[in-house]
Undergrad: 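One structure, pasted below without further comment.
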There are 2 protein chains.
Amino acid sequence: MITIKEVARHAGVSMSTVSYVLSGKRTISEETKRRVEQSIVTLGYHPNAGARALASNRSQVLGLVVPLRSGVNMPVIMQFVASIVASAREHDYDVLLLTKEAGPGEAHRVTARSMTDAVIVMDVESDDPRIPELRTVDAPVVLLGMPDDHEGLSCVDLDFATAGRQMAGHLADLGHHSIALIGSPPAVYERGTSYAARLLAGFRGETTKRSLQASVHPCEPGYDSVAACLDEVLAPGRGTTGLVVHNEAILGTLLLELRRRSLDVPGDLSVITLCPDDVAENLPVPLTSIAVPAQELGTIAVEMVMARLTQEHAPEVRLLQPRLTDRGSTAAH
Amino acid sequence: MITIKEVARHAGVSMSTVSYVLSGKRTISEETKRRVEQSIVTLGYHPNAGARALASNRSQVLGLVVPLRSGVNMPVIMQFVASIVASAREHDYDVLLLTKEAGPGEAHRVTARSMTDAVIVMDVESDDPRIPELRTVDAPVVLLGMPDDHEGLSCVDLDFATAGRQMAGHLADLGHHSIALIGSPPAVYERGTSYAARLLAGFRGETTKRSLQASVHPCEPGYDSVAACLDEVLAPGRGTTGLVVHNEAILGTLLLELRRRSLDVPGDLSVITLCPDDVAENLPVPLTSIAVPAQELGTIAVEMVMARLTQEHAPEVRLLQPRLTDRGSTAAH
DNA sequence: TATTGTTCTGGGAGCGCTCCCATTCCGCCG
DNA sequence: CGGCGGAATGGGAGCGCTCCCAGAACAATA
């Protein structure tokens, strides 16, 4: 293993000079810098992460707690992860993978051992049992999601309440009077998942405010439950003309089933949803939707970590405003 | 930060004794061990990973290169990742997340810096451009997948050739004479993805050997391409009575479309596929399938890493034998 | 010329561990 | 009684780096 000492000897400078060339923490003459860099390449030197961490008290590693149980919407999770890893690398950070399933305490373990300088936690629920544990972590913690009690913790999330309002409002603007929200499986609501509840609240607020007929239908994935759900929604008496869908997993099935029933979108039924843009674009019928800005949320989470790491930046909460893209699946009624 | 020195003082022993209690690398009297452990708890001591890595030349971290581009089958990827992380933790290892998209050289970077003791690489293709790079990594490398040239690298994978043979054979055994393989998108074959090619080869070998009529149809995801593909497969002249599907993404759509065409499975058409068991079970029609043993493959990959890390175990190749589960979607013809 | 400021570099302590090289204290044998 | 083997522990060098504390060289100013 080539050490900084050997690089120093080869370049005819001191260890500290090599170190400073590497870190840029003090000015080095062009000439010296060139010589050092040349030696580094010639010898094939790579700094030892452990030694660096020990001396500088910085691991340059970020902990990331990911839900890996199947049942969660994996493609979206992966978009988050991908964007977090990419952003972290831009700040010269690596990412240590922790799983939600391994239990709480993982975040605590890795920070207590100085394996990571900060932790990002995904899939945080309203009343997440991990919150108390996370407060004891002696390093910046950033949550993707919004627990009810987030005192002392940074949070980033989409503004789901506004999203719910916007989707209902969009249909109302088009003249619909009776609309339905097809939501996540009942279990999601029962678990008190923050985003589902907030979207629902926004939806309810808007439909009340604008005096719309509105019904809400949690829906399991799977062909049969989607069909059953549609039976309910489209029951003769109801006169539903607009659908707000907050359940990415069933979108494909739902649209196929509508086609099977010879219902045209948006001719017979307007449909608006909340999902990643690429999903909305690639469905049998492209859907007007509010984007899940996974990429942006991931980037912001990393920025928040860096802010708290470099400055004494206090924890903050950021709710991204929803962005609605019209893809023609909603029409005037 | 509590150090080993403070623990030693508190317990009235030397640093080395504390270290040995922690590592178990030499016998310590019950009495002393108890006192040390008590002090550790009382003081809230946590070993510093950087110092440990520096002194022991072991990071206790595994690099894992994951494909994060959407388009890959994320749920399956995540099963791998989950099982790898869980297995790694059982060996007291953590996992550093690297992305395929960040390019090759990531594996090299993290090992050269002693951030990781070994690397597992997922989604390896036949003629993977990363292979040469990986050979230069100065640490054990384990591949999930089977590149053509894997000299010096450990590999684990499902035996896709046998799987292809088994699925064709299963239909042949049931008396089918004309069957079709609905495969991955053309791009996957063009990319030379190892598993797709091997399954295809096994399928072709078996159909030839048993003199079956066989056609092969790469298929894009999306409703329209699935429908188009079925048009081809079910073209009147062909007389296809059995389907081998090697494309998890389209399974749901395919079955719905068959239902739409009033084709019964397995009455009119036998269908067999290769996918994770939980997917096969939860389709509109449960499918007879060969399992993708993601969990097992992940565990084995970690075991191989550990073997190479603890013993001077040489690189090895392991192909898991396929396991076929009959769920009644294939019938005699 | 002496003083001060500026720019660049060197020396090396110390980060918290691991593990090699002792040392101490037994009981037991010859 | 001396010597010896085994069991339990202590001491501390050294892992590769960072960053504080100086010092050297030179230019500008008094």
Side-chain angles (χ1 to χ4, degrees), chain A residues 1-37 39-40 43-61 92 110-117 138 309-310, chain B residues 1-37 39-40 43-61 92 109-117 138 310:
Chain A
M1 178 181 223
I2 308 292
T3 71
I4 206 172
K5 205 170 203 161
E6 303 175 51
V7 174
R9 185 143 37 86
H10 186 272
V13 297
S14 70
M15 275 170 61
S16 54
T17 298
V18 176
S19 175
Y20 285 118
V21 167
L22 252 22
S23 70
K25 290 191 180 173
R26 82 177 174 193
T27 52
I28 301 283
S29 68
E30 268 316 308
E31 161 60 11
T32 305
K33 183 186 288 185
R34 223 191 31 69
R35 260 200 353 266
V36 170
E37 280 164 351
S39 298
I40 287 175
L43 299 179
Y45 166 77
H46 295 273
N48 180 297
R52 193 171 257 191
L54 179 58
S56 67
N57 205 22
R58 281 273 203 228
S59 63
Q60 300 289 111
V61 174
D92 228 342
V110 295
T111 50
R113 297 184 165 219
S114 297
M115 298 183 75
T116 59
D117 297 335
D138 187 25
L309 236 29
T310 53
Chain B
M1 177 183 222
I2 309 291
T3 72
I4 207 173
K5 204 169 204 162
E6 303 174 52
V7 174
R9 184 144 37 87
H10 187 270
V13 297
S14 70
M15 274 170 60
S16 53
T17 298
V18 177
S19 176
Y20 286 118
V21 167
L22 252 22
S23 70
K25 290 192 181 174
R26 83 179 175 192
T27 52
I28 301 282
S29 69
E30 268 317 308
E31 160 60 10
T32 305
K33 185 186 288 188
R34 220 191 31 68
R35 260 202 350 270
V36 169
E37 280 164 352
S39 297
I40 286 175
L43 299 180
Y45 166 76
H46 294 272
N48 179 297
R52 192 171 258 191
L54 179 58
S56 68
N57 205 21
R58 282 274 201 219
S59 62
Q60 300 289 111
V61 175
D92 228 342
R109 177 177 64 86
V110 295
T111 50
R113 298 187 164 217
S114 296
M115 299 183 76
T116 59
D117 297 335
D138 188 24
T310 53

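In this text, all values refer to a predicted model and were calculated from it rather than measured experimentally.
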Undergrad: In this structure, how many angstroms lie between the C1' atom of D:dC17 and the CZ atom of A:Arg58, rounded?
TA: 16 Å

Undergrad: How close or far is atom P of C:dC17 from atom CG of B:Leu22, stated in whole angstroms?
TA: 9 Å

Undergrad: B:Arg9 has an atom CZ; how far is it from atom C1' of D:dG12, in whole Å?
TA: 17 Å

Undergrad: Looking at A:Thr27, I'd like to know whether one of its side-chain N or O atoms comes within less than 4.0 Å of OP1 or OP2 on C:dC8.
TA: yes

Undergrad: With a cut-off of less than 4.0 Å, is there a side-chain N or O of A:Ser14 near OP1 or OP2 of C:dG10?
TA: yes

Undergrad: Take B:Glu31 and A:Ser19, find for each the nucleotide of DNA chain D with the closest heavy atom, and name the residue whose nucleotide sits nearer the 5' end.
TA: B:Glu31

Undergrad: Under the criterion side-chain hydrogen bond (donor to acceptor under 3.5 Å, both in side chains), I'd like the reasoning laid out for B:Ser14 against B:Thr17: C-alpha separation, chi angles, the key distance, then a yes or no.
TA: CA-CA 5 Å; B:Ser14 70; B:Thr17 298; 3.2 Å; yes

Undergrad: Between C:dC17 atom P and B:Gln60 atom CD, what is the distance in whole Å?
TA: 15 Å

Undergrad: Check whether the aromatic ring of A:Tyr20 stacks on the base of D:dC19, taking stacking as ring centres less than 5.5 Å apart and planes within 30° of each other.
TA: yes

Undergrad: Between C1' on D:dG14 and CE on B:Met15, what's the gap in Å once rounded to a whole number?
TA: 12 Å

Undergrad: Using only side-chain N and O atoms of A:Arg26, determine if any of them is under 4.0 Å from OP1 or OP2 of C:dT9.
TA: no

Undergrad: Under 4.0 Å between a side-chain N/O of B:Thr17 and OP1 or OP2 of D:dT9, yes or no?
TA: no

Undergrad: Does A:Ser29 place a side-chain N or O at less than 4.0 Å from the phosphate oxygens OP1/OP2 of C:dT9?
TA: yes

Undergrad: In whole Å, I'd like the distance from the NZ atom of B:Lys25 to the P atom of D:dA7.
TA: 20 Å

Undergrad: Any side-chain N or O of B:Ser16 under 4.0 Å from OP1/OP2 of D:dT9?
TA: no

Undergrad: Grab the CD1-C1' distance between B:Ile4 and D:dG10 for me, whole Å please.
TA: 13 Å

Undergrad: Both B:Ile28 and B:Ser56 contact DNA chain D. Taking the nearest nucleotide for each, which residue is further toward the 5' end?
TA: B:Ile28

Undergrad: Nearest whole Å is fine: how far is C:dC17 C1' from B:Tyr45 OH?
TA: 7 Å

Undergrad: Between A:Arg34 and A:Glu31, is there a salt bridge with N-O shorter than 4.0 Å?
TA: yes

